[in-house]
Visitor: 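First the structure, then my questions, so here it is.
So that the names make sense, note that chain A is the first sequence line, chain B the second, and so on, each numbered from 1.
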There are 2 protein chains.
Amino acid sequence: MSEMSRKEETKNNLLDAFWELYKEKPLTKITVKEITDKAGYNRGTFYTYFVDINEALEILKASLMPDKDMIINPFIELKDNDGKIIEPIEGTNDYLKKNGEKIAVLLGPKGDPGFVHELKARLRQIIINYAEDLEIKEVEDFEYVIEYHIAGLISMYQLWLEKKQNIDEESLGLVYEKTAYDGALSVINHMLNDTK
Amino acid sequence: MSEMSRKEETKNNLLDAFWELYKEKPLTKITVKEITDKAGYNRGTFYTYFVDINEALEILKASLMPDKDMIINPFIELKDNDGKIIEPIEGTNDYLKKNGEKIAVLLGPKGDPGFVHELKARLRQIIINYAEDLEIKEVEDFEYVIEYHIAGLISMYQLWLEKKQNIDEESLGLVYEKTAYDGALSVINHMLNDTK
DNA sequence: ACTAATCCAACAACATGTTGTACAATGCTA
DNA sequence: TAGCATTGTACAACATGTTGTTGGATTAGT
């Protein structure tokens with residue numbers, strides 16, 4: 001572990017305690033006293049670091065936001081003009097390894113819609129910037145396709161976590177690829193017609 | 001307007017007032033007093049109808065949940081074995097017309113993740129029931145494809161509302177169809193390669 | 001190196017606000 | 001006018017946000 005001032009340490013302890021509670025119950029039921037009790041501080045101390053509980057959550061969310069330079073790859077496989085998949089950006093996997101559990105909670109049914117919203121907006125922006133470099137024409141339309149795909153992907157991943165990984169990662173990957181490249185409705189119709 | 005008992009009317013007034021506040025600020029900052037002041041009742045009256053603010057939200061959410069017999073169509077166009085699109089269910093449009101604004105808020109960045117989760121789960125279940133009647137094989141895989149599509153569609157719709165309908169409904173419909181039938185990544189790659 | 005001045009994280013205590021409940025008094029409406 | 005719906009009021013329990021104090025660490029002066 002790296003050096004840490006007392007200030008930083010206390011703040012982290014408070015955030016950790018808050019997170020433990022956040023995993024268990026809705027924001028409305030969490031009190032400052034609970035947080036500080038759990039972290040082992042006086043209630044007043046909380047207010048030297050945060051103006052209220054909401055701010056604590058905002059700080060947590062911000063710390064989980066990916067940098068601009070990360071994360072493209074697990075969400076979308078961009079290909080260049082020759083059809084070659086653009087290489088994943090370094091650090092993405094570390095990011096997910098470190099924050100995956102928390103992110104899963106925020107994406108889940110007790111999670112935070114603001115987080116999901118911001119996350120999607122960022123990913124969209126990253127991809128759109130890339131597209132603008134290529135002087136793409138139908139930018140508005142493009143944005144909607146991206147949105148559809150990002151949301152679908154996040155949600156698929158979230159469902160997988162919720163179902164306790166009931167299928168293995170490879171299978172999920174295959175389903176994902178088929179869906180994303182052939183079209184969800186095509187795949188569905190195909191599956192339906194296979195039955196007869 | 002239809003007949004309404006005093007009791008129903010009061011309850012509705014309280015729910016309306018709550019909704020006005022909910023649109024503006026997070027649940028944690030809303031107090032019972034604010035609600036009853038806005039609705040013009042005594043604070044105690046609130047407690048004859050709800051045990052707490054959370055319950056008020058739950059009731060609101062429940063009132064916006066689509067019946068089992070509705071809503072398939074705007075989210076997915078199921079086709080039968082001959083490729084004919086199954087007819088939309090009656091009442092779906094009325095439902096969206098009446099509740100669209102509220103639903104948009106609940107799906108949005110200040111919305112409720114539980115609502116989104118429940119909504120997706122219901123839609124998934126409706127479709128899966130349908131699929132099981134047809135004795136479909138790969139049920140697990142099927143579920144993920146559905147999830148991807150529903151989430152993508154909801155999110156696309158939500159973005160459209162957020163962008164104040166910056167493209168017209170027909171265009172959105174076209175983008176949607178192309179994406180859902182040809183695959184988001186295929187469409188994206190196609191758009192990118194069109195630039196050069 | 002020793003002391004004094006300063007800083008500042010953490011705390012206890014306080015004032016104020018909110019919650020949930022109770023119950024008698026008042027107002028509507030059928 | 002009888003029966004509910006709503007009000008007004010009060011209360012205990014708890015939560016919030018602020019203030020002034022304490023004591024250990026950090027810095028500055030000699």
Visitor: Specify the separation, in whole Å, of atom OH of A:Tyr41 and atom C1' of C:dA10.
Guide: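 Those two atoms, OH and C1', are 9 Å apart.
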
Visitor: Here's a test of your reading of the structure: between B:Ile53 and A:Thr48, which maps to the more 5' nucleotide of DNA chain C?
Guide: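 Its nearest nucleotide being more 5', the pick is A:Thr48.
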
Visitor: Which heavy atom in A:Lys102 sits nearest to a heavy atom in A:Leu60, and how many Å separate them?
Guide: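 So the two residues come closest at NZ-CD2, 4.2 Å.
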
Visitor: So, does the side chain of B:Arg43 form a donor-acceptor pair with the base of D:dG8 at under 3.5 Å?
Guide: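 No, no donor-acceptor pair under 3.5 Å.
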
Visitor: Which salt bridge (Lys or Arg N to Asp or Glu O under 4.0 Å) pairs, counting each pair once, include a residue from residues 140-165 of chain B, with sequence neighbours left out?
Guide: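 Matches after skipping sequence neighbours: A:Glu143-B:Lys163, A:Lys163-B:Glu143, B:Lys120-B:Glu147, B:Arg124-B:Glu143, B:Arg124-B:Glu147.
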
Visitor: If I take atom NZ in residue B:Lys29 and atom P in nucleotide D:dA15, what distance separates them, rounded to the nearest angstrom?
Guide: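 After rounding, the reported distance stands at 16 Å.
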
Visitor: Give the rounded distance in Å between these two atoms: CD of B:Glu34 and C1' of C:dG17.
Guide: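 So the CD-C1' distance, B:Glu34 to C:dG17, works out to 12 Å.
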
Visitor: Check the distance between D:dG20's C1' and A:Asn42's CG and give it to me in whole angstrom.
Guide: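 These atoms are roughly 13 Å apart.
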
Visitor: For the pair made of CD in B:Glu9 and P in C:dA30, what is the distance, rounded to whole Å?
Guide: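 Whole-Å distance recorded here is 11 Å.
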
Visitor: Please check if the side chain of B:Asp52 supplies one atom and the backbone of B:Glu55 the other of a donor-acceptor pair under 3.5 Å.
Guide: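 Side chain of B:Asp52 to backbone of B:Glu55: a pair is present.
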
Visitor: Does B:Thr45 have a side-chain nitrogen or oxygen under 4.0 Å from the phosphate oxygens OP1 or OP2 of D:dA5?
Guide: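 So the side-chain polar atoms of B:Thr45 never come under 4.0 Å of the phosphate oxygens OP1 or OP2 of D:dA5.
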
Visitor: Whole Å only: how far is the CG atom of A:Leu14 from the C1' atom of C:dA9?
Guide: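 So the CG-C1' distance, A:Leu14 to C:dA9, works out to 12 Å.
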
Visitor: Got B:His149 and A:Tyr148 here, is their nearest side-chain heavy-atom distance under 4.5 Å?
Guide: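 Yes. Closest side-chain heavy atoms under 4.5 Å.
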
Visitor: Find the distance B:Glu55:CD to C:dT19:P and express it as a whole number of Å.
Guide: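 Value for this atom pair: 15 Å.
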
Visitor: Measure from the side-chain heavy atoms of A:Val32 and tell me the nearest of C:dT19, D:dT16, D:dG17.
Guide: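 My answer, after comparing the listed nucleotides, is D:dT16.
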
Visitor: From NZ of B:Lys33 over to P of C:dT19, roughly how many Å is that when rounded to an integer?
Guide: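 Computing the B:Lys33:NZ to C:dT19:P distance gives 10 Å.
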
Visitor: Any side-chain donor paired with an acceptor under 3.5 Å for A:Thr10 and A:Asn13?
Guide: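 Absent: no donor and acceptor within the cut-off.
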
Visitor: Would you say a side-chain N or O of B:Tyr47 is under 4.0 Å from OP1 or OP2 of C:dG20?
Guide: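 Affirmative; the distance criterion is met.
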
Visitor: May I ask you to verify if any side-chain N or O of A:Tyr49 is less than 4.0 angstrom from the OP1 or OP2 atom of C:dA10?
Guide: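 Checking A:Tyr49 against C:dA10: at least one side-chain N or O falls below 4.0 Å of OP1 or OP2.
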
